Amino acid sequence: MIADDTLRILLIEDNPGDARLIEEMLRETTVPLSSIQTGSGNRPRSEPETGTVDLLHADRLETGLQQLAESTIDIVLLDLGLPDSTGLETLTTVLEHPIAVPIVVLTGLTDETVGIRAVQQGAQAYLVKDEINSELLSRSLRHALERHQRETQLTALATVSRELMAMTSFDDIAERAVTAAADSLDFPVAMVCLYDTDHGTLRPLAATDRAEELLITENPTNDVADVSTQLSSACAEVVGRAFATDQVVIDSDGDSRSSRTDAELPLDSQIVFPLATHGVFLLGSASSPTIPSTGVDYAKILATNTQAALERLERERRLQEREAELETQTESLEQLDRINAMIRDIVQGVVHATTRTEIEQAVCDRLVAADSFRFAWIGVHDALTQTLTPHARSGVEDGYLESVTITTDESQTGRGPVGTAVRTRELQVVEDTMRDLSYAPWREETMKRGYRSIASIPLVYAETLYGVLTIYADRPGIFTDRVQAVLSELGETIAHAINAVESKRALISDRVVELKFQVRDTELVFLDLTEAADCEFSFESVVPRLDDRLRVFFSTRDASVDEVVAFAERALAIDDLTLVAEREDGCVFECTLREPNFVSFCLEQGVTVQTLTAERGTGQLTVELSSDADVRGFAERFQSAYPESTLVASREDERSVQTRQAFQTTLDDRLTDRQAEVLRTAFFSGYFESPRASSGRDVAATLDIAQPTFNHHLRAALRKLLSLLYTD
């Protein structure tokens, strides 16, 4: 129906009598044809109380087609028998016209079969001329208009559905759904709101002009020029309820499923469809309180298609993100595989290295053999000067280390990855040297050499820093979390290898360095013992236990057993104190030391504790390490761990090496003839086998001595042998 509420009917009839009859019937009709929604669906909804019928007449098909093209026609009454066209061909010609309007075919009694075929081909209805009356005519016109409207809307919905499923953005989907609701379903108020997960609210994504006027308010932000939109409070309540309950809300007087809401929306009728987790779709009217059931059904189809399009796009987005993530993961795993292969190669090189220098150089050489790493170097930290001395380097260096200043203090030159790694003992990464390097000279020099990212790995084992390995890569972002984890393990492996080499050299080196410290630190529990019991203390020996804890033997003088036991019960650092021997000049005890302690600190760095004597809270500690070990570094680390200690002496000495023959000669000199005879006879008789081949009684009988005499000589011989082995 056009704006003036007039129903325009085109009658194509060549018989003047039949034409006058149709005209009279239309004048007599009591059916409110003007209340029918007519036209192609692109005009606004109107709800008039009265209306008129405008009848246009053409007596030829050609004239009728011309009027159809030039005038606004709502429905066509078509006689199939015309001077210039007859039969179903007449209908076909009108159906092929660019302007689609509902057609009611007029037939005679003898042509009723043709009328049925006409409906099958596209006519909305057919009327037998001799049976027409005003009521039948008006009812047929109304039904034809309604059927045509439904067909038009269904066709439009099918087209919209295809378009929605082809769209690639949420904005486009929302805008097309709103347009379809207004143009095809005649809902002047239409709006799609999507759920904003960041703010937990529904925000309008697309809306008709009428919806914007009635349901959306402006929300000024801090920036005067920036104004965002939000739903009115009443609208937010309605759509929020539908979204939260996932229930369709229908507010229409003409619908039995109507459920009025408490919120006062400026709409006479509305439908709110939840779009799953995406948001809601609101359709309504500010001038019509009634939504016909077909309108609800078609709106539901549109909402369902909109939801399906949103879900399809969401799935595609997630799939694309997943594919991108998998591609990134694949690239990362490939890179990680390459790095793992490189790490295995480095480990092999480290295992076969016999000196610290070989270890450090092998690490740098194999790192730069990888395509992505341009330069690698290892620096050793000097705690006094707070600088690093390069020990090994490999790759594209071009004088880089000489052109930049790198320190480990809190100054500007110490805030880079290397200095920070030394201070924190944690791996440091510069993702992009152009963006992340704060010190301009570093940034300039790294860019000259193609260094785009940096990783500094502290070489720490047993809380001892052996140096810093720094790697420079040719592209940013190469040091991912997985790569960093691998490099951290590599740093520990390198530090462990250096520790092992230095410990081994400390054991086999002929020349050793002896360091003597004066210690007063309260962390040394034995110093507290000398003050608490007013006694003298002497370290005897240490035996590692199977659980990696240390069993320590020590002696005291001028202290009773009860005093030492009472102190040990109070001291947190001592476990399992046992009295070994009580002599005239003192007592010998055995205990287990808890971590950390000074003995384990030295052993973990390949340093041997020789002596520790103490009295009145002050002690003298003597340790021994190989001459080619980092003597200065150990001294600094020890004084850092025990700040009250002072290095008072350092000397290099030649370690005596005893051959097997010399050891045998020394042992023979210490054993009496009878002790040597008893020890040898017991060994070769199988006394020390498990199970024993000969008992003590059997060996004693062989030697023609009593068993107690055998036991006495055997213990004396073993004591001299073990004393020579462990102490001399």
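Just so it is clear, the model here is predicted, and its values are computed rather than measured.
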Using a 4.5 Å cut-off on heavy atoms from C-beta on, say whether the side chain of Ile22 contacts that of Ile9. no
Salt-bridged, Arg147 to Glu151, with N to O below 4.0 Å? no
To check you understand the geometry: which heavy-atom pair defines the closest contact between Gln428 and Ala421, and what is its length? CG-N, 3.6 Å
How long is the straight-line distance from CD of Gln120 back to OH of Tyr126, given to the nearest 0.5 Å? 10.5 Å
Reported CZ-to-CD1 distance for the pair Arg203 and Ile216, which is rounded to 0.5 angstrom: 11.5 Å
Check whether any side-chain heavy atom of Ser288 sits under 4.5 Å from a side-chain heavy atom of Asp268, and report yes or no. no
Measure the shortest side-chain to side-chain distance between Ile291 and Phe187 over non-hydrogen atoms and say whether it is less than 4.5 angstrom. yes
Evaluate the ring planes of His278 and Phe170, with Trp represented by its six-membered ring, and classify them as parallel (under 30°), tilted (30 to 60°) or perpendicular (over 60°). tilted
No-hydrogen, no-angle side-chain donor-acceptor test under 3.5 Å, Gln320 and Glu316: no
To check you understand the geometry: which heavy-atom pair defines the closest contact between Ala473 and Ile478, and what is its length? CB-CG2, 3.4 Å
Can Gln484 and Thr480 be counted as having a side-chain donor-acceptor contact under 3.5 angstrom? no
Test of ring centre spacing under 6.0 Å for Phe281 and Phe273: no
Is there a side-chain contact between Ile12 and Asp79, using heavy atoms and a 4.5 Å cut-off? no
Going by side-chain contact (heavy atoms from CB on, under 4.5 Å), Leu106 matches just one of Leu80, Leu11, Leu78, Val128. Which one? Leu11
Using a 4.5 Å cut-off on heavy atoms from C-beta on, say whether the side chain of Leu283 contacts that of Val178. no
Taking all atoms of both residues into account, what is the closest heavy-atom pair of Glu131 and Leu136, and its distance? O-CD2, 3.6 Å
Just by distance, with hydrogens left out, do Glu70 and Gln66 show a side-chain donor and acceptor under 3.5 Å apart? yes
Charged N to carboxylate O under 4.0 angstrom, Arg443 versus Asp436? no
Set of side chain to side chain contact (heavy atoms under 4.5 Å, CB included) partners for Val101, sequence neighbours left out: Leu68, Val76, Ile99
Do the non-hydrogen side-chain atoms of Ser456 and Leu427 ever get within less than 4.5 Å of each other? no
Can you find a pair of side-chain heavy atoms, one from Leu302 and one from Leu185, that are under 4.5 Å apart? yes
Regarding Glu213 and Arg210, does a basic nitrogen lie under 4.0 Å from an acidic carboxylate oxygen? yes
May I ask you to check whether Tyr472 and Phe373 place their ring centers less than 6.0 Å from one another? no
Taking atom types as modelled, find out whether Thr294 and Asp297 have a side-chain donor-acceptor pair closer than 3.5 angstrom. no
Give me the atom names and distance for the closest heavy-atom approach of Ala180 to Val160. CB-CG2, 3.6 Å
Return the minimal non-hydrogen interatomic distance between Thr63 and Asp59, and the atom names on each side. OG1-OD1, 4.5 Å
Lys/Arg-Asp/Glu bridge criterion (N-O < 4.0 Å) met for Arg318, Glu321: no
Would Lys129 and Glu13 pass as an ion pair if we require N to O under 4.0 Å? yes
Is the closest side-chain heavy-atom distance between Leu275 and Leu310 below 4.5 Å? yes
Considering residues, nucleotides and ligands other than Met165, do more than 12 of their heavy atoms fall under 6.0 Å from its CE? yes
Are Glu146 and Gln124 close enough that a side-chain donor and a side-chain acceptor fall under 3.5 Å? no
Side chain to side chain contact (heavy atoms under 4.5 Å, CB included) assessment of Leu21 paired with Ile132: CA-CA 9 Å; Leu21 179 62; Ile132 296 176; 5.8 Å; no
Please identify each residue that fulfils side chain to side chain contact (heavy atoms under 4.5 Å, CB included) with Ala118, with sequence neighbours left out. Leu88, Leu91, Val105, Ala123
Do Glu24 and Arg27 sit within salt-bridge range, that is, some charged N less than 4.0 Å from a carboxylate O? yes
Exercise: identify the closest heavy-atom pair between Val189 and Ala286: CG2-N, 4.5 Å
Interatomic distance, CG@Leu437 vs CG@Asp432, rounded to 0.5 Å, equals 8.5 Å
Please round to the nearest 0.5 Å and tell me the distance separating atom CZ of Arg315 and atom CZ of Arg312. 8.5 Å
